[in-house]
Number of protein chains: 2
Amino acid sequence: MPSTYYSQYPKFHVAVDCIIFGFKKGQLKVLLQKRPFEPRQGEWSLMGGFVKRDEDIDSAAQRVLYQLTGLKTIYMKQVGAFGSVNRDSGDRVISIAFFALVDIDRVNEELNHENSAYWEDMEKLPPLLFDHKEMIEGALKKLRGMINRHPVGFELLPPLFTLTQLQLLYETILGEKIDKRNFRKRVGELSFIEKTDAIDKQSSKRGAALYRFNGTVYQKEPVFKL
Amino acid sequence: MPSTYYSQYPKFHVAVDCIIFGFKKGQLKVLLQKRPFEPRQGEWSLMGGFVKRDEDIDSAAQRVLYQLTGLKTIYMKQVGAFGSVNRDSGDRVISIAFFALVDIDRVNEELNHENSAYWEDMEKLPPLLFDHKEMIEGALKKLRGMINRHPVGFELLPPLFTLTQLQLLYETILGEKIDKRNFRKRVGELSFIEKTDAIDKQSSKRGAALYRFNGTVYQKEPVFKL
DNA sequence: TCAAAAGTGTTAAGTTTACACCCATGA
DNA sequence: TCATGGGTGTAAACTTAACACTTTTGA
């Protein structure tokens, strides 16, 4: 009788909450939602959802991400479980936070609209539901800790990007200025960041070379240092 | 009706599993238990327990640690949530893994014995229950990632320790040799690692100076680099 | 023609690594 | 007296940080 021993113990609602990061115009942004149900309907919150009976927790997070962005292959990483007794005023809910990195231009705006979700600058977050602020802080900390050793920053950029964009992304996430020449020297040493012959004319009159992250080349010798 | 909306969603058993690290004779060890209940009773596993209805998840982990070691103020850190649908063959259980660092000499051996728990070298772990191997790997990775930036290694040593012990600890956790003179030079720069006038005569005829980690001094300028 | 962003190398400072011998003691 | 682990400094290699001017072009 396998379940006999377990069944004397309580069960809990288990949810996932997603910190969806995007990057635009030198700003790191998070996708926030007006909570669509009670209690505390209408408050700013992360997008979340309850785990289903036959669903892995990562699948639950992917499902929530898909609902809100229309994107399937999203970079996603677990931040951790949040399980204080009174963290949720509705009932006891243990929530597992995940952060996701998306190219903000690929996100389906209609889905955002339908879900009352909006991009907010990390600089000016409104007061948030429950422990969602903590979750975002945990996610940012994790992102900061890995951005220099893992090639994840590209997930926040379009497939082709300029070195200025890339540098700005690093500066924003790390919260510090980086020397342009030193940064470009380091990028130049990475074979998997490839210069294309496309030119970006958006950001300057002169035009800037567009680069691309080549995952295949990276896989061959997965060593990253920026 | 706060709970009305939530209550349409399923509930799950939620457990904590503890990776308890100890260090002795140049070996990193984990405290493993013969599983005391079905299913798969008798298999090697981490010490775990179900979260109680009115208990934070960290409190649950502390409770489990206390049951097995008799220790109350243990360094503990969350590794993450493990929630694959079929990870537990008994029933669906979402488990949150924590790792703990203990001074192996302070652990209550009787409690270990009562719980059929034994210290196993990390080098020679037996096959383990469910995804417990993964949990240990996650814990070790996390520990490796923080040991050079946070003063946590001392948690695995007695209050007074020799520099050789400390170096051996670092070598074992990082899995690489460290140059003795360079290591001691770096230690010498840290004001919160204090030389005492006690001498250890256990490990050598000549005797080695015993050092102490001074948390108060560290708090004043919490910058760690080893 | 000029404002705005792109692009480009060198040097000094700091950090990390490699390396070998003498010391004190108990058996 | 000798085997064992404790304790100590220096120089070379490498890495990081600081720094300023020229180019291109659309408005």
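The chains referred to below are lettered A, B, ... by the order of the sequence lines, with proteins before strands, and numbering in each begins at 1.
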Describe the nucleic acid contact of [X] in one word from base, sugar-phosphate, nothing, applying a heavy-atom distance below 4.0 Å.
X: A/Thr164; result: sugar-phosphate
X: A/Lys225; result: sugar-phosphate
X: B/Lys195; result: nothing
X: A/Lys180; result: base

Between B/Gly207 and A/Lys201, which is nearer to the 5' end of DNA chain D once each is assigned its nearest nucleotide?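 Between the two, 5'-proximity favours B/Gly207.
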On DNA chain C, reading 5' to 3', which nucleotide is the first and which the last to sit with an atom under 4.0 Å from a heavy atom of chain B, could you check? C/dT16 to C/dG26
Think A/Lys185 has a side-chain N or O under 4.0 angstrom from the OP1 or OP2 of D/dA17?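 No, no such contact exists.
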Verify the contact: side-chain N or O of B/Arg181 to OP1 or OP2 of D/dG7, cut-off strictly under 4.0 Å; return yes or no.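 The answer is no; no side-chain N or O of B/Arg181 sits under 4.0 Å from OP1 or OP2.
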For residues A/Leu210 and A/Leu160, report the shortest heavy-atom separation together with the two atoms involved.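 Nearest heavy atoms, A/Leu210 then A/Leu160: CD2-C, 3.8 Å.
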To check you understand the geometry: which heavy-atom pair defines the closest contact between A/Leu226 and A/Val187, and what is its length? CD2-CG2, 4.0 Å
Examine the side chains of A/Asp17 and A/Ser95 and answer whether a donor and an acceptor come within less than 3.5 Å of each other.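 Looking only at side-chain atoms, A/Ser95 and A/Asp17 do form a donor-acceptor pair, the distance falling under 3.5 Å.
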Using the ring of A/Tyr66 (Phe, Tyr or Trp, six-membered ring only), decide whether A/Lys72 places NZ or CZ under 6.0 Å from its centre and within 45 degrees of its axis.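 Verdict for A/Tyr66: a cation-pi partner in A/Lys72.
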